[in-house]
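Below you'll find the structure, written out as structure tokens, and then a few comments.
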Amino acid sequence: MLKSVILIGGPQKGTRFRPLSFEVPKPLFPVAGVPMLQHHVEECAKVPNMKEILLIGFYQPNEELTRFMSSAQQEFKISIRYLQEYAALGTGGGIYHFRDQILSGGPEAFFIMNADVCSEFPLPEMLNFQKEHGESSSFVILGTTANRKQSMNYGCIVENQQTNEVLHYVEKPSTFVSDIINCGIYLFTPEIFQHIGAVFQQNQQDMLLDEQTNGNGWHRAEAIRLEQDIFTALAGQGKLYVYKTPAIWSQIKSAGSAIYASRLYLNQYHKTHPERLATNKEGGPRISGNVYIHPTANIDPTAVLGPNVSIGTGVTIGAGVRVRESIILHGATLQDHSCVLNCIVGWDSTIGKWARVEGTPSDPNPNDPYAKIDSETLFRDGELTPSITILGCNVTIPAEVIILNSIVLPYKDLNRSFKNQIIL
């Protein structure tokens with residue numbers, strides 16, 4: 001019997017995702033037409049013998065999360081439960097805190113995955129790999145190849161090339177260590193809790209000492225990071241192996257990376273969900289490339305959409321509108337002849353006639369097969385880094401203006417053009 005645990009973080013996390021994470025918890029943000037988490041849940045549900053999916057995070061239980069869980073349970077016929085941490089306990093602390101829930105029913109193994117990754121989720125391959133490598137109780141990290149410079153932004157894995165054993169693990173090193181990076185998807189056996197438990201005990205002793213010496217025992221013994229505290233120690237002990245995937249993978253840290261992840265998933269739909277991709281029909285809009293359109297959207301036949309566009313529920317798109325490389329969220333209205341490029345248009349926002357809303361894509365280098373998306377800093381040299389344009393919810397853009405490389409916070413009525421600004 002198997003289980004899956006998805007780590008969804010909490011409201012203090014996902015700050016780089018603002019202003020979009022104000023309206024909906026980041027893990028439920030729609031990527032390629034469905035909530036980010038649904039891609040995870042769907043792949044978990046396909047694994048034979050998968051009994052339960054647990055979501056662990058420190059969001060207050062909210063309506064969106066409850067609604068997502070109940071609809072996903074019905075659709076994928078699998079038990080999904082949310083376990084709420086009392087505080088941010090880190091990637092290892094959360095699963096250790098809820099170890100009894102994870103181990104109930106006696107799973108032989110369980111997957112742990114971060115909610116903010118976009119992947120093909122090669123879970124059956126990881127299971128087969130685990131059977132063939134090390135003892136039955138070995139642990140598997142999903143890895144992929146990055147380029148030298150970008151690898152330093154991730155957890156880096158040095159492997160034994162014959163056996164794929166992890167010999168050395170460093171989280172975000174300051175110099176080059178390895179071009180194999182951690183994808184944030186793991187396969188563990190229950191034995192992992194002994195290793196996390198040892199760190200927990202050590203933390204408790206350190207806290208006691210800390211309190212005795214300088215009365216500063218504020219950091220929680222339960223806050224444990226899988227990457228720095230567990231993997232670094234397990235490396236080179238014959239316990240930890242890396243399964244390298246050549247398939248798609250990306251982090252979804254910023255809004256710009258959501259558009260890139262949307263492109264990867266839409267491309268994937270040719271194999272997994274061809275019914276989700278729009279086609280050119282008589283009397284329908286012109287589609288070029290991969291486009292997802294929710295059945296409730298109302299789109300004028302003279303509009304041109306794509307590539308890489310996803311259109312949410314109840315969106316209205318007028319005559320002659322052009323949309324490319326964008327996510328249009330539910331209830332938005334794009335009036336006649338407006339043009340939307342490299343942009344996320346927030347819930348219930350309106351873009352006036354002949355207006356142009358445009359951003360700069362933050363795509364990985366297309367000439368480097370191992371390039372990943374850079375999580376850009378918001379500012380560089382005191383200026384806003386050109387990136388995709390984001391309109392928060394209920395933003396109104398008037399007719400005939402240009403909004404370029406800007407971030408507009410929710411509930412703004414703009415009255416002129418802007419470029420390279422955060423409009424508060």
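- A cation-pi arrangement, defined by a distance under 6.0 Å to the six-membered ring centre and an angle within 45 degrees of its axis, is present between Arg276 and Tyr269.
- Taking 4.5 Å as the limit, some side-chain heavy atom of Phe76 sits within range of a side-chain heavy atom of Val41.
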*side-chain hydrogen bond (donor to acceptor under 3.5 Å, both in side chains) between Glu132 and Asn128: does it pass, once the steps are laid out?*
CA-CA 7 Å; Glu132 292 157 14; Asn128 292 335; 6.0 Å; no
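- Not a single donor-acceptor pair under 3.5 Å links the side chain of Gln201 to the backbone N or O of Gly197.
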*Could you go step by step and tell me if Ile311 and Ile327 meet the side-chain contact (heavy atoms from CB on, under 4.5 Å) rule?*
CA-CA 6 Å; Ile311 297 198; Ile327 296 174; over 6 Å; no
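- Annotation for Ile185 and Met113: closest pair CG1-CB, 4.0 Å, computed over non-hydrogen atoms.
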_Run the ring pair (Phe, Tyr, Trp, His ring centres under 6.0 Å) test on Tyr411 and Trp347 for me, step by step, so that the C-alpha distance in whole Å, both residues' side-chain angles and the decisive distance to 0.1 Å come before the verdict._
CA-CA 10 Å; Tyr411 302 100; Trp347 299 271; over 10 Å; no
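- With values rounded to the nearest 0.5 angstrom, Leu264 atom CG is found 5.0 Å from Ile248 atom CD1.
- In this structure a side-chain-to-backbone donor-acceptor pair under 3.5 Å is present from Thr272 to Gln268.
- Summarising the geometry, atom CG belonging to Leu54 is positioned 9.0 Å from atom CD1 belonging to Ile112; distances are rounded to the nearest 0.5 Å.
- A salt bridge is absent between Glu165 and Lys239: the closest approach of a Lys/Arg side-chain nitrogen to an acidic carboxylate oxygen does not fall below 4.0 angstrom.
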*Carefully, step by step, assess Asn308 and Glu325 under the rule side-chain hydrogen bond (donor to acceptor under 3.5 Å, both in side chains).*
CA-CA 5 Å; Asn308 183 19; Glu325 295 283 338; 2.9 Å; yes
*Test side-chain hydrogen bond (donor to acceptor under 3.5 Å, both in side chains) on Asn147 and Asp368 and set out the steps.*
CA-CA 8 Å; Asn147 63 31; Asp368 176 355; 2.9 Å; yes
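- Between Arg356 and Ile351, every side-chain heavy-atom pair lies at or beyond the 4.5 Å cut-off.
- The shortest heavy-atom contact between Leu187 and Met126 is CD2-O, 3.6 Å.
- Judged purely by atom type and a 3.5 angstrom limit, Gln73 uses its side chain to pair as donor or acceptor with the backbone of Ile80.
- Although no hydrogens or angles enter the test, the distance criterion places a donor-acceptor pair under 3.5 Å between the side chain of Gln130 and the main chain of Ser138.
- Partners of Gln161 under the side chain to side chain donor-acceptor pair (under 3.5 Å) rule, at least two apart in sequence or in another chain, do not exist in this structure.
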*Tell me, with the steps shown, if Met50 and Ser4 meet side-chain contact (heavy atoms from CB on, under 4.5 Å).*
CA-CA 8 Å; Met50 181 67 67; Ser4 287; 3.1 Å; yes
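- The ring of Phe29 has its center closer than 6.0 angstrom to the ring center of Phe17.
- For the pair Val323/Leu334, a side-chain contact is recorded, criterion being any heavy-atom separation below 4.5 Å from C-beta on.
- Of all heavy-atom pairs spanning Leu103 and Pro190, the tightest one is CD2-CB, 3.6 Å.
- Minimum heavy-atom separation, Ala297 to Gly312: CB-O, 3.9 Å.
- A heavy-atom distance below 4.5 Å is found between the side chains of Ile397 and Ile403.
- Judged by distance alone, the side chain of Thr91 and the main-chain N or O of Leu226 form a donor-acceptor pair under 3.5 Å.
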*Quick one: do Glu227 and Arg225 satisfy salt bridge (Lys or Arg N to Asp or Glu O under 4.0 Å)? Show the steps, please.*
CA-CA 5 Å; Glu227 297 77 15; Arg225 302 160 306 181; over 6 Å; no
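- In this structure the side chain of Leu37 reaches within 4.5 angstrom of the side chain of Ile8, judged on heavy atoms.
- The aromatic rings of Tyr186 and Phe188 lie parallel to each other, with less than 30° between the two planes, well short of the 60° mark.
- Within a 6.0 Å sphere centred on OH of Tyr82, heavy atoms belonging to other residues, nucleotides or ligands number more than 12.
- Under the 4.5 Å side-chain criterion, counting only non-hydrogen atoms from C-beta, Glu159 is in contact with Ile180.
- Enclosure of atom CZ in Arg81 by more than 12 non-hydrogen atoms of other residues, nucleotides or ligands within 6.0 angstrom is indicated.
- Ring orientation note: the planes of Phe129 and Tyr241 are nearly perpendicular, at an angle over 60° on the 30°/60° scale.
- Side-chain atoms of Ser151 do not come within 3.5 Å of backbone N or O of Asp179 as any donor-acceptor pair.
- Aromatic ring pairs are classed by plane angle as parallel below 30°, tilted from 30° to 60° and perpendicular above 60°; the pair Phe193 and Tyr96 is tilted.
- You'll find the side chain of Thr396 stays beyond 4.5 Å of the side chain of Lys412, heavy atoms only.
- Closest approach of Pro25 and Asn62 over heavy atoms only: CG-ND2, 3.6 Å.
- A distance-only check finds a donor-acceptor pair linking the side chain of Ser178 to the backbone of Ile157 [under 3.5 Å].
- In summary, the aromatic rings of Trp249 and Tyr370 are positioned with their centroids too far apart to meet the 6.0 Å limit.
- Between His168 atom NE2 and Leu240 atom CG the span is 13.0 Å, to the nearest 0.5 Å.
- Ser288 meets the side chain to side chain donor-acceptor pair (under 3.5 Å) test with no other residue; sequence neighbours excluded.
- Taking OG of Ser349 as the start and NE2 of His330 as the end, the distance is 10.5 Å to the nearest 0.5 Å.
- More than 12 heavy atoms of other residues, nucleotides or ligands shown are found within 6.0 angstrom of NZ on Lys46.
- Side-chain contact check for Phe121 versus Glu42: every heavy-atom pair is 4.5 Å or farther apart.
- Scanning both residues, Tyr154 and Ile373, for their nearest heavy atoms gives OH-O, 3.6 Å.
- Rounding to the nearest 0.5 Å gives a distance of 12.0 Å between CZ of Arg18 and CD1 of Ile422.
- Each of Glu222, His195, His97 was scored for a side chain to side chain contact (heavy atoms under 4.5 Å, CB included) with Phe200, with one residue passing: Glu222.
- Atom CZ of Arg99 has more than 12 neighbouring heavy atoms from other residues, nucleotides or ligands inside a 6.0 Å radius.
- Residue Glu63 qualifies as open at atom CD: its count of foreign heavy atoms under 6.0 Å is 12 or below.
- Distance alone, capped at 3.5 Å, places no donor-acceptor pair between the Thr333 side chain and the Thr316 backbone.
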_Applying side-chain hydrogen bond (donor to acceptor under 3.5 Å, both in side chains) to Thr360 and Asn405, what does each step give before you reach the verdict?_
CA-CA 6 Å; Thr360 303; Asn405 298 343; 2.8 Å; yes
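- For the pair Lys3 (side chain) and Ser104 (backbone), a donor-acceptor distance under 3.5 Å is present.
- To the nearest 0.5 angstrom, Glu52 atom CD is 12.5 Å from Leu2 atom CG.
- No donor-acceptor pair closer than 3.5 Å links the side chain of Asn114 to the backbone N or O of Asp116.
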